[in-house]
Amino acid sequence: MAQGTTTSRPEEREDAPEPERTSDPDPSTRAGYKRVFTRGLRVLWVAARTEPWIFLTAVGGAMLHAAVTVASASVLGHITDHTILPAFASGETTTAVLIAAAGLLLAVGLGKAIGLAVRRLLAGLMQFRMQARYRRSVARKYLELPLSWHHRHPTGQLLSNANADVEAAWQPLAPLPMVVGSVFMLLIAAGAMVATDPVLAMVAFVVFPVLAAANVAFQRRVSPMASRAQALRAEVSGVAHESFDGALVVKTLGREDTETERFTDAAHRLRDALIQVGRLRSMFDPFMEALPNFGVLAVLLLGMWRLSTGAIEPGDLVQIAFLFTLLALPIRSFGWLLGDLPRSVVGWDRVQSVLRSDGAMVYGDRVLDPSPRGLALRAHDVTFSYADAYDTDGRDLMDGGDAHERRTTVLNGVDLDIAPGRTVAVVGPTGSGKSTLTTVLMRLVDPDGGTVTYDGVDLRDLARDQVPRTAALVPQGTFVFEDTVRDNITLGADIDDDQVWAALRLARADGFIRELHGGIDARLGEKGTTLSGGQRQRLALARAVVRRPRLLIMDDATSAVDPQIEAQILAGLRERDDAATVLVVAYRRATIELADEVLYMEGGRILARGTHDALLTTSPGYNRLVTAYERASAENEAERTPVPEEPGPAEPHRRAQDTDSSEETTR
């Protein structure tokens, strides 16, 4: 893991939120309900502070809706006293009175519609903008963190952080403006009821606290359940991702039933947690629905007595009863908000744990001098180690690891010096550190100790874009996007088709690409399943060389390519006018013999260097390894009838047949 690095501050980048700096242990317990409530309000304040105008306008719409809703009770009381009752008393009414009543009702309806539309539209807008903002921030953080961090965190968990956790964190934003408007509505409604009749208003002052207390009791019970359900969502996502991504292993080993049972177990635990929440809500919702109705009944009974004594007018009773029915929904909105807060806090903590993760690389401001030639690559006393393991009980915690954890040294004092334009092969037994060396040389991770330089400049002093602009890595595992050939090579960069075809010719891939329906516009299957192993490797090589890197690192990147084709590819790289410095992790003797120099690695060290012929006589370990490779290769060749690939086109218009039998078996 990289040493001496610090977390880059997200707020320094455009559209990046600042990570929350506080955390509370076990926020889902009942004892921590108050803490959950206050922290949930802080999360909502982050959104209000980030999108102030949207939030204030949404609250304005909610207040307009609340004010007009309360006013509608007065309008109904006025119509009752001045339109309906006089009409019953006289048996007739006038057109003017009806138009006036209709105008009042229309104004009320229009005002409520405008307030409701503004509230809902902007509440949704704020919620989705915050979700998009934090999804971008989480994804950006993932890309900034080194590979050593990703090695410690399952992909399914990371997907859950970027999707379900972000969504949960901002779920309360939908009812938030309504809740603020409801507070305003309760205040003006209480004032209106007191002004109309203080005696009937006392019923509200008894019922409303009971509703509030019921809400609080419900949230205290539901908080730990909702928090556990949110954690189980991430677990289900992780199990699903592992099962689906490992479909080839599962099917070839006949473990479909085992994986189905594993996923079923996780899904059932999530189901049970959600049912537990639903069972509690099914008891709470009817109570919340019935209590305001009992309040209305009490108001009507008491109001009839008050009406019989002449203390109030009929319109006053209608107004207060109508207010009671209106206020039931706003009070319920508090329950919606409080119900979302526990999940919001859990999601927020998990998102913030990503944004606070240590290990993000620090970049300098040095820029390499532009040159069409290969660069000078040097590594001095490079060491690197991996953690032996991580705690599976805490696998969903984005903790940066323990500084005192047990670690295995993979690179131990590596020194190398490669002159510009040279081709160097790295050879060594499995586990000797070859692939790790390639990741350090590309600064995918920083070494624990030592330095790596391009043209004499420490990689840690270079600006962020300098390494990918200057160097390219073709790894062992070839990844192909479910996209066109062109987009798989350019990856969205502004590269014209002539350059794409030139790179394909250099990688000896243009022959089979021309045979695809659509050529470079042909769409490839997921992970390149429509291509053979050798074809995918040559496509990945074309992706690297199309950018004309000054340093090309190939980590056993042609293992599935016919040796004759591999030799042509390496020869083509060396013969270019702007020949790059090439470092290739190799096993085949034919590949090794093409290199200007060979480095022999063992136990994380470079034990010998020189030409292939020289090392055969001076390095016993190298001799044994290469001899073993040759013997294994000869045995494999004897067991099968070879169908070699054609050498490839000497001219662009010819087609190369990709009939390597080793590739055909990997289709």
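Scope of the values below: all heavy atoms of this structure, side chains included, with no hydrogens, waters or symmetry mates.
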So do the side chains of Val485 and Arg523 get within less than 4.5 Å of each other, counting heavy atoms only? no
If you measure from the Lys or Arg side-chain nitrogens to the Asp or Glu carboxylate oxygens, is any gap between Asp497 and Arg486 under 4.0 Å? yes
Any idea which heavy atoms bring Leu441 and Ala379 closest together, and the distance? CD2-CB, 4.3 Å
Distance-only polar pair, side chains of Thr260 and Asp257, donor-acceptor under 3.5 Å: no
Establish, for the pair Arg443 and Tyr363, whether the NZ or CZ atom is under 6.0 angstrom from the six-membered ring centre and no further than 45 degrees off its axis. yes
CG (Asp465) with more than 12 external heavy atoms under 6.0 Å: yes
Are any of the side-chain heavy atoms of Ile489 and Leu539 separated by less than 4.5 Å? yes
Scanning both residues in full, the closest heavy-atom pair of Met442 with Val467 reads O-CG1, 3.3 Å
Give a yes or no on whether Asp369 atom CG has more than 12 heavy-atom contacts from other residues, nucleotides or ligands under 6.0 Å away. no
To the nearest 0.5 Å, what is the distance between CD1 on Ile54 and CD on Gln127? 12.0 Å
Got Gln466 and Tyr454 here, is their nearest side-chain heavy-atom distance under 4.5 Å? no
One should read off an interatomic distance between Glu261 CD and His268 NE2, to the nearest 0.5 angstrom, of 10.5 Å
Starting from the C-alpha separation in whole Å, work towards a yes-or-no answer on side chain to side chain contact (heavy atoms under 4.5 Å, CB included) for Tyr142 and Asn161. CA-CA 11 Å; Tyr142 286 162; Asn161 288 135; 3.1 Å; yes
Could you tell me if the side chain of Thr611 sits less than 4.5 Å from the side chain of Val598, heavy atoms only? no
Heavy atoms only: give me the nearest Ile606-Leu599 pair and the separation to one decimal. CD1-CD1, 4.0 Å
Could you go step by step and tell me if Thr451 and Val382 meet the side chain to side chain contact (heavy atoms under 4.5 Å, CB included) rule? CA-CA 6 Å; Thr451 59; Val382 169; over 6 Å; no
Measuring only between side-chain heavy atoms, which start at C-beta, is Thr438 closer than 4.5 Å to Leu473? yes
So does Arg366 pair up with Asp458, basic N to acidic O under 4.0 Å? no
Okay, side chain of Arg547, backbone of Arg543: is any donor-acceptor separation there less than 3.5 Å? yes
With no hydrogens and no angle check, just 3.5 Å: does a side-chain donor-acceptor pair link Asp555 and Ser435? yes
Arg378 CZ to Asp455 CG distance, which is reported to the nearest 0.5 Å: 13.0 Å
Give a yes or no on whether the backbone of Arg373 and the side-chain of Arg550 come within a donor-acceptor separation of less than 3.5 Å. yes
Please lay out, stage by stage, how Val351 and Val138 fare under the test side chain to side chain contact (heavy atoms under 4.5 Å, CB included). CA-CA 7 Å; Val351 169; Val138 169; 3.9 Å; yes
Where do Pro549 and Ala544 come nearest, in terms of heavy atoms and distance? CD-O, 3.4 Å
Check whether any side-chain heavy atom of Leu355 sits under 4.5 Å from a side-chain heavy atom of Ser137, and report yes or no. yes
To the nearest 0.5 Å, what is the distance between CZ (Arg460) and OG1 (Thr453)? 11.0 Å
Taking it one step at a time, do Val424 and Val582 satisfy side chain to side chain contact (heavy atoms under 4.5 Å, CB included)? CA-CA 6 Å; Val424 174; Val582 178; over 6 Å; no
Determine whether Ile418 and Thr423 make a side-chain contact, defined as any pair of heavy atoms from C-beta on separated by less than 4.5 Å. no
For Arg469, look at atom CZ and say whether over 12 heavy atoms of other residues, nucleotides or ligands are found less than 6.0 Å away. no
Donor-acceptor pair, side chain of Thr490 and main chain of Ile495, under 3.5 angstrom: no
Identify the heavy atoms of Pro468 and Arg464 that sit nearest to each other, and give their distance. CD-O, 3.8 Å
Side chain proximity check, Val236 to Phe263, heavy atoms < 4.5 angstrom: yes
Between the CZ atom in Arg133 and the OG1 atom in Thr50, the distance rounded to the nearest 0.5 Å is 6.0 Å
Heavy-atom pair of closest approach, residues Asp417 and Arg609: N-NH1, 4.1 Å
Just verifying a value: how many Å separate Leu377 CG and Thr581 OG1, rounded to the nearest 0.5 Å? 7.5 Å
Examine Arg514 relative to Trp501 and say whether NZ or CZ is less than 6.0 Å from the centre of the six-membered ring and inside a 45° cone about the ring axis. yes
Donor-acceptor contact present, side-chain Lys434 to main-chain Met601, <3.5 Å: no
Plane angle bin for Tyr622 and His612 - parallel if under 30°, tilted between 30 and 60°, otherwise perpendicular: perpendicular
